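This one's a predicted model, so the numbers in the text were calculated from it and none came from an experiment. In what follows, chains are A, B, ... by sequence order, proteins preceding strands, each numbered from 1.
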Amino acid sequence: MEQLHELLQQVIPDGERVLTEKADLASYSYDASFGVYMPEVVVQPLSTCEVAEILKLANKHKIPVYPRGQGTSLSGGPLPVRGGIVMDLSQWTSKLEIDTENMLAVVSPGVTAQAINNAALVHGLIYPPDPSSMNIATIGGNLAENSGGPKGLKYGVTKDYVIGLEVVTPEGEVIHTGGKTMKNVTGYDLTKLIVGSEGTLGIITEAILRLYPKPQATETLMALFDDIIDAGRAISNILSAGIIPAKLEIMDKASVEAVEAYRPTGLPTNIDALILIELDGHPEAIKDEIKRVNDVCLQEKARSVQIAKTAEEAAQLWLARKLVSPAIVRVKPTKISEDATVPRSKIPDMFQRLKEIKQKYNIDLVVFGHAGDGNLHPNIIADERDTEEMKRVEQAVEEIFQAAIELGGTLSGEHGIGTLKAPFMEMELGAVGVDMMKRIKQAWDPNDILNPGKIFPEPNQRFVLTND
Amino acid sequence: MTELAYQETLSCVQCGYCLPTCPTYITFKKETHSPRGRINLVKMAAEGKITYDDMTEAIDLCLGCRACETACPTNVQYGKILESAIEVLAKHKDEQLKSRVKTMKAFLFNQVVPNEHIRKVLGTGLAFYQKTGLQKVAQKMGVLHVLPENLHAFETILPSVEGPIKRAKRERFYEAVTPQPVLKVGFFVGCIMDTMFSSINTLSMKLLQQAGCQVTVIQEQGCCGALHQHSGLSNKTQELAKRNIEAFERYDFDYVVNSIGGCGAMLGEYPQLLADSPEWLERAERFSKKSVDISVILSQLTLPFKKSLPYKVTYQPSCHMTNVQKRVNEPLQMVQNIPGIDFISLPEAHMCCGSAGIYNIVRYKHSMKILDEKMKHVEALAQQPNIIVTTNPGCHLQMKLGVEREGLSQEIRVVHLVELLAEACGIEA
Ligand SMILES: Cc1cc2nc3c(=O)[nH]c(=O)nc-3n(C[C@H](O)[C@H](O)[C@H](O)COP(=O)(O)OP(=O)(O)OC[C@H]3O[C@@H](n4cnc5c(N)ncnc54)[C@H](O)[C@@H]3O)c2cc1C
Ligand code: SF4
Ligand code: SF4
């Protein structure tokens, strides 16, 4: 390891970006999920050339390398599970160029989606993907996890915006995928292969992203329901009426109660669920749509519907949704944030299954999230120190995955597989499906040095939610 | 408290929401110097996975500005975690401190800060030094280079100090200008403030008076204890807190007013400080409820503005005012209300300037890096301001140093909010 340190210092000579102090290693041993693994070295490259040299070195000496953005992964993506080198890319923010002619952004891996969107807004453009961590997480992390947010319903997720990448392969070669054109069918679509690969196939060192014109107007509506199943039906019907809201979010009774206990916003706590909808587009068009949404909700037995009259009122309505996260952890400290996703038409069925699971395992289950695209966020709140409770939670989570897959859905809508969900891969993809993916990994990374131990389960790996 | 606040570290879900708010993370560019990193180090140290020495640097370099708390979705009590770590480390590392830092710290805390006499001498000395022109001579002759770089840097920006005679002559009681006092106010002068910036205290009281308050300065008050607390001397702080509570309890004030962001924050946290002594808790709560920043009182009253001030003004809020006292709007509104002022808002104003108690003295080099980040934002303003307003003596000195380092002292003046208000009301110290 001494030797490794010296070799790395030859690549990055300024001395400050190769970290070996115990405190530094400990500070890159975690992410926002579970598990703590100490790396041997942390490096903070600031150029493609540095990344390539480090990977060549690591590949030659067969030392694992784990790319890391801002460490907000909820699935263990950047954890150095086999020791080795953590490559921190969050400080590499030098490039953020807006190409207004082609409506594109060209960015370094450490830039945040928020920064990209802000830079685009100056030119009347937007970068739509909006994971709630968008002002912290890096674009590299967003690409590697194919992150998405509320706007995914109408605008899609990160993968729908990337048209070109610069990638350093595990063997230290630099490749360029895609380019600046909207259409490109030259060979395999490696851009899309890298997106969502969770840092296991290559390190993203630059990305070319599409931008959109900023919509002219937005409208917000909130509907209250006495039964969450009705709310689910209202959501399905709004979408099948041909209306695609920019955002369509749901909060169940438990999340409304938690918010009102935390910071009262005046919501009634005797409802079973509420939905929040934002429409955007041409002012005349959305005026008409908001009326139709209103009618659909009332038909599905909404207790009441409120349309925001001003931007402030709209912000006030969204505030409650923003407060859910902080509010629910006041109840108990440990939050297990799941993101199993089902096809839209199965939203009411998934609500039913979640209700049953909640009762069966006697857990604090809160449902809120991006209902419009079936990406419900069932969150379980527990106390990490209560091992008996954590066991029940583990079982409940397994059953949530099962339910999602049985309903034709997926393990993860946006948070990724990482280490956390690896044990369930076969359940969704089948043995051959997993094997085909493994073969891709072997072709790209013959020595298994880039982010090993992720996506694919280790032999006998079980699902665990504790830190030890 | 002599143990690490382990329970508090467990409520951190490591989401990273605090990262973009932390000046040391942004300036030093590694997770180790972020709130999430520090909390994890404290947690790991408490679990015995790393040693106290391993976490020392990270804790030492924390500004204690507590911007991280405002961003935290799960309400992690960072202040508590930090203070527990400082205290544990203070015990552990006292012997290992570099002797110069140690002597200076000991001198500051045991001698200068609580000692009325020395403070007076220091005040007198400074005033003498400045008034006689010795300062100019010394600056010219370069005698100052003999001082360690950090003290030397501050020498050029020290405020002009009111002489002891003038300070002694200052009234102890200001009758309201209105027939009936709107409010009865006890004034908290603070210790460093009253030495270096006593004219600001004088102006504050005159402003309160003009706004209809009856203002009293009581003899029995002492240091608020903030500097002791941030250095892990919570026993000493508790002593000082009790003394202040007792002193003010003897009078019937509607409010205890101060014009020092950092002290105000400490006074407001007396209940947490004394939470373990049942006989004091309630008294501390009563005291803290009454204790407010001057901007809070003035924003509820009417000031007799006499002059329009044709200045371009920007405002650097004090961290303790923003993140601990949670007073954001009042001071801002006061600045904006001054007739004639062209207000320019400072981007990233919530970022600490790096003064942070005595951080800029004991961690000079790091503090200057943080200050340079701050000054970048000042210089990037589309219009250059001619005034930077602060609400705390530490910030005041630091921003002055920043202006000096950028060679802008001809163009930009640093003032306390109270000075600007007084100027607009035609009040002189
Ligand atoms: C409070 C909170 C809310 C969240 N909300 C959402 C949400 O709404 N939607 C959503 O989709 N996700 C969400 N997430 C999850 C997380 O923020 C995203 O997955 C994010 O994209 C991770 O970015 P990061 O920079 O933190 O990457 P990290 O967590 O550091 O890494 C994530 C993965 O990307 C890889 N990686 C990082 N950079 C590179 C690179 N340059 N090249 C190759 N691989 C790389 C890592 O190896 C790892 O596998 C949330 C997380 C938190 C804590
Ligand atoms: S107190 Fe300030 S410097 Fe310390 S961790 Fe929090 S934000 Fe960073
Ligand atoms: S914002 Fe709060 S919970 Fe999140 S990492 Fe920071 S301290 Fe921890």
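A donor and an acceptor atom, one from each side chain of A:D339 and A:S412, are located under 3.5 Å apart. A donor-acceptor pair shorter than 3.5 Å can be found between the side chains of A:D24 and B:T32. With no hydrogens or angles considered, no side-chain donor-acceptor pair links A:H377 and A:E338 at under 3.5 Å.
Options A:R17, A:Q44, A:Q70 differ in how many heavy-atom pairs under 4.5 Å they form with chain B, and the most are formed by A:Q70.
When heavy atoms are compared at a cutoff of 4.5 Å, A:L25 does not approach chain B at all. B:M55 does not touch chain A: none of its heavy atoms, backbone or side chain, sits under 4.5 Å away. Proximity to chain A is limited to the side chain of B:Q7, based on heavy atoms less than 4.5 angstrom apart. Proximity to chain A (any heavy atom under 4.5 Å) is shown, for B:F28, by neither the backbone nor the side chain. For B:D54, the parts sitting under 4.5 Å from any heavy atom of chain A are the backbone and the side chain alike. The contact between A:Q91 and chain B is made entirely by side chain atoms (from C-beta outward), counting heavy-atom distances below 4.5 Å. Residue A:S90 touches chain B through its side chain alone, counting heavy-atom pairs closer than 4.5 Å. Of the two parts of B:R36, the backbone and the side chain both hold a non-hydrogen atom closer than 4.5 Å to a non-hydrogen atom of chain A.
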Derivation and outcome, salt bridge (Lys or Arg N to Asp or Glu O under 4.0 Å), residues A:E198 and A:K421
CA-CA 13 Å; A:E198 302 190 18; A:K421 293 181 191 170; over 6 Å; no

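When atom types are taken as modelled, the side chain of B:N40 and the backbone of A:A26 share a donor-acceptor pair closer than 3.5 angstrom.
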Without placing hydrogens or testing angles, list every side-chain donor-acceptor pair under 3.5 Å for residues 10-22 of chain B, not counting sequence neighbours.
unit_1	atom_1	unit_2	atom_2	d
B:S11	OG	B:E8	O	2.9
B:Y17	OH	A:S132	O	3.1
B:T21	OG1	B:C18	O	2.7

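Residues A:A113 and A:N142 approach most closely at CB-OD1, 3.7 Å, considering heavy atoms.
From B:L346, atom CG reaches atom CD1 of B:I344 across 9.5 Å, with rounding to the nearest 0.5 Å.
Each of A:D88, A:V51, A:I203 was scored for a side-chain contact (heavy atoms from CB on, under 4.5 Å) with A:P45, with one residue passing: A:V51.
Annotation: residues 371-385 of chain B contacts chain A through no residue [non-hydrogen atoms, separation under 4.5 Å].
Taking the six-membered ring for Trp, B:Y25 and B:H33 have ring centres at least 6.0 Å apart.
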